[in-house]
Engineer: 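Have a look at the structure that comes next, please.
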Amino acid sequence: MQRYDRGTALVIVDLQNDFADPAGSLAVHGGGNLVPIINAEIAMARANEATIVFTQDWHPESTPHFANDGGPWPVHCVAGTWGAELHPDVDAEAATTAHRVHKGASGEDGYSGFTMRDPTTGQTTPTELAGVLRDAAIERLVICGLATDYCVKATALDAARLGFETAILLDAMRPVELNRGDEQRALEEMTAAGIHSWSTRMR
Ligand code: VGL
Ligand code: ZN
């Protein structure tokens, strides 16, 4: 089965230095190993005229998302810093030409590429992602990246809710696993939402 075509988008979640580089402030174990795997997906997606989208965590210096301000996370992916850049080994053509969705720029702490959540009111607002995909007549999404139990999960659940036929690439994602079992629970939640679990080795 052909994974990519014009009606499909490859959504690469938060493949940024702070998550994917061992020196990143929220380094995900094995995150850097994903880069060559995801580059192969990018090549396949491009060869079959699929749309490619990167999401990027894009925080202000101070936000309730960060431990300094009462949140769960160390400072990471501050807009415009090294940590917020895509990993330098990401396919250069895709990194320059693919659409990028920056999330959190106004201090929102949502994890999904589709929605942002105001940390004080709890209100969610959409990002441009759904519009970008609809404008390109996308019906199917293949999602990978970092991290399985936060931004990949939130993005995939929103995608399914919005009616996209959604699959995740199990060997092209890694969990934060703040609590033991988070990865497993995330995978179960996604399966229950009708999201397909694929591997990059399936052709
Ligand atoms: C993420 C924790 C905090 C993610 C983002 O990309 O999964 N995790 N911010
Ligand atoms: Zn974040």
Side-chain angles (χ1 to χ4, degrees), residues 10-35 37-38 53-87 90 95 98-120 122 124-127 129 141-160 166 168-190 193 195:
L10 170 62
V11 178
I12 301 158
V13 175
D14 300 5
L15 199 56
Q16 294 163 273
N17 287 323
D18 269 340
F19 300 119
D21 189 293
S25 63
L26 194 38
V28 175
H29 187 73
N33 300 338
L34 300 184
V35 178
I37 296 170
I38 292 176
V53 179
F54 292 96
T55 67
Q56 284 177 268
D57 226 23
W58 203 255
H59 297 300
E61 276 174 40
S62 166
T63 157
H65 187 69
F66 294 158
N68 296 340
D69 300 280
W73 306 110
V75 173
H76 63 275
C77 297
V78 173
T81 64
W82 172 84
E85 286 171 20
L86 292 183
H87 189 287
V90 169
H99 191 87
R100 299 201 197 187
V101 176
H102 294 140
K103 55 203 170 82
S106 308
E108 305 90 341
D109 72 354
Y111 297 108
S112 168
F114 288 97
T115 49
M116 296 181 293
R117 186 182 154 279
D118 185 303
T120 44
T124 58
T125 47
T127 68
L129 181 53
L141 300 187
V142 178
I143 301 178
C144 62
L146 298 167
T148 306
D149 38 359
Y150 287 93
C151 290
V152 170
K153 177 181 92 168
T155 302
L157 290 176
D158 272 349
T166 305
I168 49 174
L169 294 171
L170 292 176
D171 56 328
M173 48 202 257
R174 293 281 187 283
V176 176
E177 193 89 351
L178 212 48
N179 302 295
R180 217 184 151 130
D182 283 352
E183 178 184 33
Q184 193 52 40
R185 281 187 289 276
L187 295 175
E188 285 165 10
E189 233 181 290
M190 289 188 274
I195 294 161

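First listed ligand is number 1; within each ligand, the first listed atom is number 1.
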Engineer: Has C77 got an N/O/S atom less than 2.8 Å from the Zn ion (ligand 2)?
Structural biologist: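 False for C77.
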Engineer: In terms of atom number and element, which parts of ligand 1 are under 4.0 angstrom from non-hydrogen atoms of W73?
Structural biologist: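 The list of qualifying atoms is 2 (C), 3 (C).
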Engineer: Starting from atom 4 (C) of ligand 1, locate the nearest protein heavy atom and write down its residue, its atom name and how far away it is, to 0.1 Å.
Structural biologist: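 Result: C151 SG, 2.8 Å.
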Engineer: Hey, does V142 have a side-chain heavy atom less than 4.5 Å from the side chain of T166?
Structural biologist: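 T166 vs V142: side chains apart.
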Engineer: Quick one: does V176 get a heavy atom under 4.0 Å from ligand 1?
Structural biologist: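 The answer is no: ligand 1 sits nowhere under 4.0 Å from a heavy atom of V176.
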Engineer: Restricting to N, O or S atoms of H65, which is nearest to the Zn ion (ligand 2)?
Structural biologist: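 Going by distance to the Zn ion (ligand 2), the closest N, O or S atom in H65 is NE2.
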Engineer: Does the distance from a Lys or Arg side-chain N to an Asp or Glu carboxylate O, for D57 and K103, drop under 4.0 Å?
Structural biologist: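 Yes, this pair counts.
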Engineer: Under the side chain to side chain contact (heavy atoms under 4.5 Å, CB included) rule, what do V90 and Q16 come out as? Steps first, then yes or no, please.
Structural biologist: CA-CA 9 Å; V90 169; Q16 294 163 273; over 6 Å; no
Engineer: Atom 5 (C) of ligand 1: which protein heavy atom is closest, and how many Å away?
Structural biologist: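 Of every protein heavy atom, D57 OD2, 3.0 Å lies nearest to atom 5 (C) of ligand 1.
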Engineer: Which of the atoms in ligand 1, numbered in the order shown and given with their element, are less than 4.0 Å from a heavy-atom of H65?
Structural biologist: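 Checking each atom against H65, I get 3 (C), 9 (N).
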Engineer: Using modelled atom types and a 3.5 Å cut-off, is there a donor and acceptor pairing between side-chain atoms of T155 and backbone atoms of G113?
Structural biologist: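 At least one qualifying donor-acceptor pair exists.
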Engineer: Consider every N or O of H76 and every N or O of ligand 1, then say whether any pair is closer than 3.5 Å.
Structural biologist: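 Yes, at least one N or O pair falls under 3.5 Å.
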Engineer: Check whether any side-chain heavy atom of W58 lies under 4.5 Å from a side-chain heavy atom of V101, and answer yes or no.
Structural biologist: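 They are not in contact (no side-chain heavy atoms under 4.5 Å apart), so the answer is no.
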Engineer: With a cut-off of 2.8 Å, does H59 put an N/O/S atom close enough to the Zn ion (ligand 2)?
Structural biologist: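 Yes - counting backbone and side chain alike, H59 has an N, O or S atom under 2.8 Å.
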Engineer: Students often mix this up, so state it plainly: with edges at 30° and 60°, are the rings of H65 and Y111 parallel, tilted or perpendicular?
Structural biologist: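 Plane angle between 30° and 60°, so tilted.
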Engineer: Could you check if a side-chain atom of L34 sits within less than 4.5 angstrom of a side-chain atom of H87, using non-hydrogen atoms only?
Structural biologist: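 In short, these two side chains do not touch, never coming nearer than 4.5 Å.
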Engineer: Are more than 12 heavy atoms from other residues, nucleotides or ligands located less than 6.0 Å from atom CD of E188?
Structural biologist: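 Yes, CD of E188 has more than 12 neighbouring heavy atoms, counting only those of other groups under 6.0 Å.
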Engineer: Measuring from the Zn ion (ligand 2), name the closest N, O or S atom belonging to D57.
Structural biologist: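 Looking at D57, the N, O or S atom with the least distance to the Zn ion (ligand 2) is OD2.
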Engineer: Which class fits the ring pair W73 and Y150: parallel under 30°, tilted 30 to 60°, perpendicular over 60°?
Structural biologist: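 Rings of W73 and Y150: perpendicular, over 60°.
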Engineer: Nearest protein heavy atom to atom 6 (O) of ligand 1, by residue and atom, and its distance?
Structural biologist: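 Heavy-atom neighbour on the protein nearest atom 6 (O) of ligand 1: D14 OD2, 2.6 Å.
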Engineer: Can you report which non-hydrogen protein atom sits closest to atom 8 (N) of ligand 1, along with the distance?
Structural biologist: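 The answer is Y150 CB, 3.7 Å.
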Engineer: Is there a heavy atom in Q16 that sits closer than 4.0 Å to ligand 1?
Structural biologist: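 Contact absent.
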